[in-house]
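Read the numbers this way: they start at 1 and go in the same order the structure lists the ligands and their atoms.
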Amino acid sequence: MNQQKIPATVITGFLGAGKTTMIRNLLTNAGGKKIALIINEFGDLGVDGEVLKGCGAENCTEDDIIELTNGCICCTVADDFIPTMTKLLEREQRPDHIVIETSGLALPQPLVAAFNWPDIRTQVTVDGVITVVDSAAVAAGRFADDHDAVDARRAEDESLDHESPIEELFEDQLTCADLIVLNKTDLIDVAGLGRVRDEVASRTVRKPVMIEAKNGEVPAGILLGLGIGTEDDIANRKSHHELEHEDGVPHDHDEFDSFVVELGAVADPAGFVEALKTIISTHDVLRLKGFVDVSGKPMRLQLQAVGSRIDHYFDRAWGLGETRATRLVVIGLHEMDEGAVRAAIEALA
Ligand SMILES: Nc1nc2c(ncn2[C@@H]2O[C@H](COP(=O)(O)OP(=O)(O)OP(=O)(O)O)[C@@H](O)[C@H]2O)c(=O)[nH]1
C-alpha cells in the first residue's frame, strides 16, 4: 500500500479556552477538505459533540464526528484512541485530514506519542499540535499559582514538589504546542494582551509561534497544513508528569472531578443564570456547560460557563419525541463540594 500519510491536527487547551468554537469555525472554512473529527470531553455529557454535529458542515458530516467519552484521551490511548483510529483508517472513503479535540484536562503528550504506534505511524502523521489559550483567564491570573503560598507549603512539607494541577496542565499543553492561539482577545485590552503573550512565552521553553484570535476565527490555511510531524519530536516536549516519573507511574486526573446535574424545566432563565454565577464563584467551579429546558419555549437553551462568565443562547428546537430536560455538567477541582453544588443547582428549578 503506497498511500500518503493522512495529516492529523491535535487541538488542545484548558477547559473553556475555545477549542470547540475554533473547530466549528474551521469546519465552515476548510474548503473542499473532507475532515474527520475525534472529540474527547471530560464529564459524562457530550456537549461539544452536540455543538459540532449541529453545525451541519458538508465536509464533516455526523458520521465523521467520533466522540471518545471514556475519560481523558491521554489515559485511554490504547483502549479508545488506537481502535478508533484503526477503524477510521479502514473506511472506504478516508478523510483528507483528521482533527482531534482533546478534553480541556488532557495532556497532549501521550496522544502524540500514540502516533508512533506501528499501525498508526505508517498511515498518519501529526500535522501539528495547536494549543488554544483563554487570554482573559490568563490575564486574570487563573493559571498563575500563588508562588509565595506554594513556597510556604513546601517549606513545611518537602515532599510537595508540585505546582497547582491547573498551572502544571496549562504548561504541559503549551509545552506540546506547535502553534499557540491566544483566543478571546475581545475580552482584554492591548496592554493586557501584551502581558498575556509574555506570561505564555515564559511558560514554554520551545517558543512556538503565537497568533491572536477572537471566537477562534483563524483561517483554515493557518491551522491545517503545518506539516510538522510532531510525533518525531515528542522527546523534546515532556510533561511535568513524564519529567517527574520517568519510571512510568501512570498519570491520572485525580485532582479534577465532574458530575452531571439533571433538573426540570426552568421558568426564569435570566434569574437561573444569575444564580448559577453565584454558585460558580462560591464553589470555585472551573467549567459548567449543558442544555436548559425553559418552560414554554420550543427552543433548547445552551449554557456555557467558563469560571463565572456565562454565555447562553437558544441553539435549536427540541426534537419531536426528544425528552426535554435540563442537564448540566459541572467540572472543578477534587476539593469542590459536589453535594453542596448539586443541591444549590437543583434548588433553582
Ligand atoms: N468572548 C469570547 N468568548 C469566547 C471566545 N471563544 C470562545 N468563547 C466562548 O467560551 C465558551 C467556551 O468555548 P468552547 O469553544 O466551548 O471551549 P472549549 O475549549 O471547547 O471547552 P471544553 O471543551 O469544555 O474544554 C463558549 O461560551 C464560547 O462561546 C472568544 O474569543 N471570545
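No path of Ile, Leu, Val, Met, Phe, Trp and Tyr side chains, each step under 4.5 Å between heavy atoms, connects Leu276 with Leu286, placing them in separate hydrophobic clusters. Val129 and Leu223 are assigned to two separate hydrophobic clusters, defined by single-linkage of ILVMFWY side chains at heavy-atom distances under 4.5 Å.
Using modelled atom types and a 3.5 Å distance limit, the side chains of Ser239 and Glu242 yield a donor-acceptor pair. Side chain to side chain, Thr230 and Asp178 meet the donor-acceptor criterion of an N or O pair below 3.5 Å.
Remark: ligand 1 atoms within the under-4.0 Å shell around heavy atoms of Arg287 are 12 (C), 14 (P), 16 (O), 17 (O), 21 (O), 22 (P), 24 (O). For ligand 1 and Ala17, the ligand atoms under 4.0 Å from any heavy atom of the residue are 17 (O), 19 (O). Here is the list of ligand 1 atoms found below 4.0 Å of a heavy atom in Lys214: 31 (O).
Scanning all protein heavy atoms for the shortest distance to atom 19 (O) of ligand 1 gives Lys19 NZ, 2.7 Å. Given atom 20 (O) of ligand 1, the protein heavy atom at minimum distance is Thr20 OG1, 2.7 Å. At the top of the distance list for atom 6 (N) of ligand 1, counting protein heavy atoms only, stands Asn183 ND2, 3.0 Å. Closest to atom 11 (C) of ligand 1 among all protein heavy atoms lies Val306 CG2, 3.8 Å. Atom 17 (O) of ligand 1 has Gly18 N, 3.1 Å as its closest protein atom, hydrogens excluded (heavy atom only). Atom 1 (N) of ligand 1 has Asp186 OD2, 2.9 Å as its closest protein atom, hydrogens excluded (heavy atom only).
When non-hydrogen atoms are compared, ligand 1 lies under 4.0 Å from the side chain of Asp48 (C-beta onward) but not from its backbone. Within the 4.0 Å heavy-atom criterion, both parts of Thr21, backbone and side chain, lie near ligand 1. Contacts with ligand 1 closer than 4.0 Å are made by no heavy atom of Met22, backbone or side chain. At a heavy-atom distance under 4.0 Å, only side-chain atoms of Leu187, from C-beta outward, approach ligand 1.
Residue contact check for ligand 1: Lys289 places a non-hydrogen atom closer than 4.0 Å to it. Under the 4.0 angstrom criterion for non-hydrogen atoms, Glu101 is in contact with ligand 1.
For CD of Glu322, the number of neighbouring non-hydrogen atoms (other residues, nucleotides, ligands) closer than 6.0 Å is greater than 12. Heavy-atom contacts from other residues, nucleotides or ligands closer than 6.0 Å to CD of Glu58 number 12 or fewer.
Closest heavy-atom approach to atom 5 (C) of ligand 1 among the candidates Asp134, Asn215, Asp311, Thr102: Asn215. For atom 21 (O) of ligand 1, the candidate residues are Ala305, Gly16, Ser135; the nearest heavy-atom contact is made by Gly16. Considering Gln302, Gln304, Lys184 only, the shortest heavy-atom separation from atom 10 (O) of ligand 1 involves Lys184.
Between His253 and His251, the angle of the ring planes goes over 60°, which puts this pair in the perpendicular group of the 30/60° scheme.
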Step-by-step salt bridge (Lys or Arg N to Asp or Glu O under 4.0 Å) determination, Glu274 to Lys277: CA-CA 5 Å; Glu274 281 315 305; Lys277 279 186 190 165; 3.3 Å; yes
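No side-chain heavy atom of Pro269 sits under 4.5 Å from any side-chain heavy atom of Val292. Taking 4.5 Å as the limit, some side-chain heavy atom of Arg287 sits within range of a side-chain heavy atom of Gln304.
Test Asp64, Thr61, Asp96 against Lys34 for side chain to side chain donor-acceptor pair (under 3.5 Å) and you get one pass: Asp64.
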